[in-house]
Every structure is written in structure tokens, then in C-alpha cells.
Amino acid sequence: MAAAEAAVPALPNSGGVGAGAPSGTVPVLFCFSVFARPSSVPHGAGYELLIQKFLSLYGDQLDMHRKFVVQLFAEEWGQYVDLPKGFAVSERCKVRLVPLQIQLTTLGNLIPSSTVFFCCDMQERFRPAIKYFGDIISVGQRLLQGARILGIPVIVTEQYPKGLGSTVQEIDLTGVKLVLPKTKFSMVLPEVEAALAEIPGVRSVVLFGVETHVCIQQTALELVGRGVEVHIVADATSSRSMMDRMFALERLARTGIIVTTSEAVLLQLVADKDHPKFKEIQNLIKASAPESGLLSKV
């Protein structure tokens, strides 16, 4: 804790909050709504680490489209107070996460420097089963070309490639940041989280691939739960069943996830006809994306 800050008040030893805390860590009671869960954080942990711990403990219950305030229980006042500026955990304490009443509007602005593309499971064995697979391959390839032009990192996953094959040959993976096999449906693997942590200021993920109602949906929900804004590219995303696809996109849109198109994404990323890469992006979109059976099924 900075010298200018008051010491964190110690709590009476009640309920075994600090039991079993590893050496070099400080026991903390994390409270949210009616819940209170004991855990620990490294000595000197500040606001960001506390938020990460709240997400790990309560992520499935948090609406990440709302603002939150972290408060500290102060013995001096007998109640919670807003976390002091520059706060760092030095002693056992109790904190809580309080949602504000103001709903945040998801604006959906895309900036190349804060955007990553996720290409999900565009694999050979899915070709005969996924509706309009040829069309979404074509659009997916256009998105990856746009990412290369604009210098946007791309993360690619392959679902059980030993059994389902590699990414289709039409998708050019030149220059992608990461290609990972997986068995989990969501793309949010430890290696993916580590890769995102290496990219400063990531705010938005542009997500496309298969299947909409399984891997795409679960990836999108996990990312939103971590505070990342998600854009799903409807003309590059499909399923075996159009009913599954339609209801997945409707559900995701209701959660604040942005359902968009490849052309909208690419033009939003250049934003200005005077952008130095505009002509190259314009050449990509001169031919419109295929108006396949996906169009009437969104």
C-alpha cells in the first residue's frame, strides 16, 4: 500500500476467513449480492486483481454490461466504503462488488488497435454437414485477408483435429497469432487468455466460424463474462441446423452481443476513405458477400 494511504483495518478472526491461505498471500472475503466466499490474493494486490478474483468467483452471475464499484469494509465506520484510490491489500479484509443501477449501452465501435479476430473450427470434416459452408469459408477468408491488411491479430481453433481434420485449405492461416487444437467447445482456453493478455488494450473480439449454437455461442458468452465486447459475423457463421443458428443469434443479440456482417466489420475498422488501407479493403468487398440461405435465417 502507498505510504499516503491509511492501513487496511484488520478484521476480527471470525469464520476462519484466513484458514489455509498460501504463504505470501492475504485472506480476503469476497462478497457479492447474498454471497460471501473466502479466498486469498497476493500481498499488495490492487483493484485489477480484486476484479479478476470477483470474475473467477462470480463471473457466471455478473452482468458485464453494467458498471460496478468495489467497496471495502471499514471497522472504523462499521460499514462498507468505496475502495480508496491506490488501494493495495496488506492485511486480511472484506470487500464487496456493488452493481450500479446505470445500464451501459454497447456501442460496438471497432478500432484495429483494440480488436482481435477469432476464427472458430472451420474444419474439413464439417464441410458436408454445415449449411452453406462454402459461403462462410469464402467470407471467413475475406475477413482473414482484412485482418492481415490492417495488422489485426487472429486466433484460430480446431475442434479435436485428430478426428475432425484441420482448418480447410481455402482458409489462409498465414500470419495468424495462434492455431490451437481443443476439445472444449468454447475458444476461451488458457492459451487464448494468455495470448490476449499479451496484446495491450484488447476491447473487442470479432468472432466467426461454426457452430453458431455451440462453440460460437459458448465463446461469445465467456468473452462477455470477461468484459470483452463481441461482434459475431453472421455471414461467416453457421450450424448444421438453421433453427439452431437462428435462435442462437437471437439469444446472443439479446445479451448485448453485436450480430453484424463482414462488410460492416471491415469498413468500421478503416472508418474513413482516407485511411491508408482503405483501397485494399475496398478491393476485398467489391464483390458482395454471398447472399445464401443464411440471409433469411438470421
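Counting only distance, with no hydrogens or angles, the side chain of Arg203 and the backbone of Asn109 share a donor-acceptor pair below 3.5 Å. The backbone N or O of Tyr132 sits nowhere less than 3.5 Å from a side-chain atom of Ser238 that would complete a donor-acceptor pair. The backbone N or O of Ala234 lies less than 3.5 Å from no partner atom in the side chain of Thr237, so there is not a single donor-acceptor pair. A donor-acceptor contact shorter than 3.5 Å is absent between the side chain of Ser33 and the backbone of Phe35. With hydrogens and angles disregarded, no donor-acceptor distance shorter than 3.5 Å links the side chain of Ser239 to the backbone of Met242.
Counted within 6.0 Å of CZ on Arg251, heavy atoms from surrounding residues, nucleotides or ligands total 12 or fewer; the atom is thus considered open. Heavy atoms of other residues, nucleotides or ligands lying less than 6.0 angstrom from CZ of Phe185 number 12 at most. For Lys279, the NZ atom counts as loosely surrounded, since its 6.0 Å shell holds 12 or fewer non-hydrogen atoms of other residues, nucleotides or ligands. Residue Arg148 places its CZ atom among more than 12 non-hydrogen atoms of other residues, nucleotides or ligands, all under 6.0 Å distant.
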(request) Take Val265 and Leu269 through the test side chain to side chain contact (heavy atoms under 4.5 Å, CB included) and record every step on the way to the result. (result) CA-CA 6 Å; Val265 163; Leu269 285 164; 3.8 Å; yes
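Minimum heavy-atom separation, Gln123 to Phe133: O-CZ, 3.6 Å.
Scanning for side-chain contact (heavy atoms from CB on, under 4.5 Å) contacts around Val179 gives Val156, Glu158, Leu173, Val176, with sequence neighbours left out.
The aromatic rings of Phe30 and Phe54 sit perpendicular, their planes meeting at an angle over 60°, well past the 30° parallel limit. Between Phe117 and Phe208, the two ring planes are perpendicular [angle over 60°; tilted spans 30° to 60°].
No option in Leu83, Val98, Val95 other than Val98 meets the side-chain contact (heavy atoms from CB on, under 4.5 Å) test with Gln71.
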